[in-house]
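Working notes, beginning with the structure itself.
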Amino acid sequence: MPKPIIAIPADIREFDGTSWHAAQNQYVRAALKVADVMSFIIPAFEAGNDTDALLDRVDGLLVSGSATNVHPSLYGGEVRESDGPFDPARDATTLPMIRRAIERGIPLLAICRGIQELNVALGGTLATEIQEQEGVWDHRKPQHADRDVMYSIRQDVVVAEGSCIARYLGTGRIPVNSLHRQAISKTAPSLQVEAIADDGTIEAVSVIGAKGFAIGVQWHPEYWAESDKPSRALFEAFGDAVRDYVKARG
Ligand SMILES: N[C@@H](CCC(=O)NCCCC(=O)O)C(=O)O
């Protein structure tokens with residue numbers, strides 16, 4: 001079998017005085033080194049992307065994290081500039097891709113901003129600045145010059161009995177990293193909560209009745225995918241699901 005190819009939707013980033021369609025290396029590297037799949041980085045456009053034409057050409061979808069937030073208008077939230085930065089081109093690209101990948105049974109792994117996009121795409125809502133809620137920890141990215149410190153493993157999540165991810169991670173407590181200020185508020189009707197933090201933050205979901213692998217996690221398994229056992233297990237499972245999809249598609 002030729003090495004499968006997954007789609008990773010880009011962010012719109014501004015540097016060197018112009019706009020770029022960008023994805024962080026940590027996602028592309030984890031896909032290649034651990035899931036053993038190659039990646040097409042998908043340009044982010046508010047209009048013009050043909051979702052099915054894109055999905056026809058890939059074997060999986062990995063929706064990455066990003067420092068930007070899903071635009072509140074997409075889930076009926078109050079639009080406050082303080083909830084930015086936003087990336088409408090990314091939103092317009094990822095939400096349709098997520099919905100169609102699920103409908104077509106294309107394996108989906110959604111990470112951090114990705115789980116938030118998954119929830120919004122299926123009709124759920126988000127809470128912002130969750131650290132300001134009573135009893136909720138500060139899940140934000142630690143401010144530090146060293147990215148290994150920012151992505152350090154620093155909290156437990158509890159994987160539910162009978163969850164999809166329990167097949168790969170086992171049940172009970174697993175240590176993960178945490179770099180977010182938003183989280184799922186109202187869970188979309190077709191999502192099953194798979195793991196939560198001790199403060200009640202939803203940390204993983206799966207799509208109820210999905211034709212294939214369709215999982216979102218709030219933490220960042222890509223960053224330590226080569227060295228951390230739960231991170232590796234999730235990316236290996238995603239890669240296996242992608243290969244199974246290729247075999248079944250013929
Ligand atoms: N912006 C959302 C999603 C958080 C997320 O994807 N974090 C990744 C951080 C990437 C980086 O800054 O390197 C939220 O804050 O909840």
Side-chain angles (χ1 to χ4, degrees), residues 8-15 20-31 41 44 61-75 77-95 97-98 108-121 124-133 136-155 157 176-188 195-197 199-205 215-225 228 231 234:
I8 302 181
D11 290 1
I12 291 292
R13 302 305 292 263
E14 306 291 335
F15 49 89
W20 298 66
H21 298 266
Q24 290 174 310
N25 177 57
Q26 60 206 57
Y27 299 94
V28 184
R29 179 180 173 88
I41 296 172
L61 175 60
L62 172 57
V63 187
S64 72
S66 169
T68 65
N69 288 326
V70 179
H71 198 276
S73 62
L74 295 169
Y75 54 89
E78 179 190 354
V79 180
R80 301 176 306 186
E81 281 317 301
S82 60
D83 287 338
F86 301 119
D87 187 347
R90 166 154 174 172
D91 293 337
T93 301
T94 56
L95 299 190
M97 288 190 81
I98 288 168
L108 165 67
L109 177 57
I111 294 173
C112 204
R113 192 192 203 268
I115 188 179
Q116 296 167 7
E117 289 163 296
L118 170 59
N119 190 54
V120 171
T125 65
L126 304 179
T128 192
E129 304 308 342
I130 59 171
Q131 67 280 352
E132 294 173 2
Q133 294 174 16
V136 177
W137 301 337
D138 190 346
H139 292 253
R140 290 175 295 183
K141 176 170 66 176
Q143 292 310 308
H144 197 282
D146 183 340
R147 281 185 78 81
D148 287 357
V149 174
M150 288 195 278
Y151 281 82
S152 59
I153 304 284
R154 60 192 182 99
Q155 74 163 61
V157 300
V176 301
N177 47 23
S178 187
L179 297 91
H180 60 105
R181 52 195 254 251
Q182 297 198 335
I184 289 174
S185 179
K186 178 172 76 72
T187 306
I196 59 170
D199 65 359
T201 300
I202 293 173
E203 292 281 349
V205 296
I215 285 169
V217 292
Q218 188 62 72
W219 68 90
H220 284 266
E222 84 288 348
Y223 194 83
W224 301 107
D228 172 63
S231 301
L234 205 50

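First listed ligand is number 1; within each ligand, the first listed atom is number 1.
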Indicate, as side chain, backbone, both or neither, the part of Thr68 found under 4.0 angstrom from ligand 1 when only non-hydrogen atoms are considered. backbone
Evaluate Gln218 for polar contact with ligand 1, using N/O atom pairs at a separation under 3.5 Å. no
Glu117 and side chain to side chain contact (heavy atoms under 4.5 Å, CB included): which partner among Thr93, Ile111, Leu126, Val70? Val70
Assess the side chains of Glu129 and Gln131: does a donor N or O sit below 3.5 Å from an acceptor N or O? yes
With no hydrogens and no angle check, just 3.5 Å: does a side-chain donor-acceptor pair link His180 and Gln182? no
Atoms of ligand 1 less than 4.0 Å from Arg147 heavy atoms? 13 (O)
Nearest protein heavy atom to atom 9 (C) of ligand 1, by residue and atom, and its distance? Tyr151 OH, 4.0 Å
If you define the side chain from C-beta out and look only at heavy atoms, does anything of Glu222 sit under 4.5 Å from Ser64? no
Distance filter under 4.0 Å to Gly65 heavy atoms, resulting ligand 1 atoms: 6 (O)
Under 3.5 Å, is there a donor-acceptor pair linking the side chains of Glu203 and Gln155? yes
Near His220 (heavy-atom distance under 4.0 Å), the atoms of ligand 1 are 7 (N), 8 (C)
For ligand 1, is there an N or O atom under 3.5 Å from any N or O atom of His180? no
Among Ile115, Ile130, Asn69, Leu179, the residue with a heavy atom nearest to atom 2 (C) of ligand 1 is Asn69
Is the distance between the ring centroids of Tyr151 and Trp224 less than 6.0 Å? no
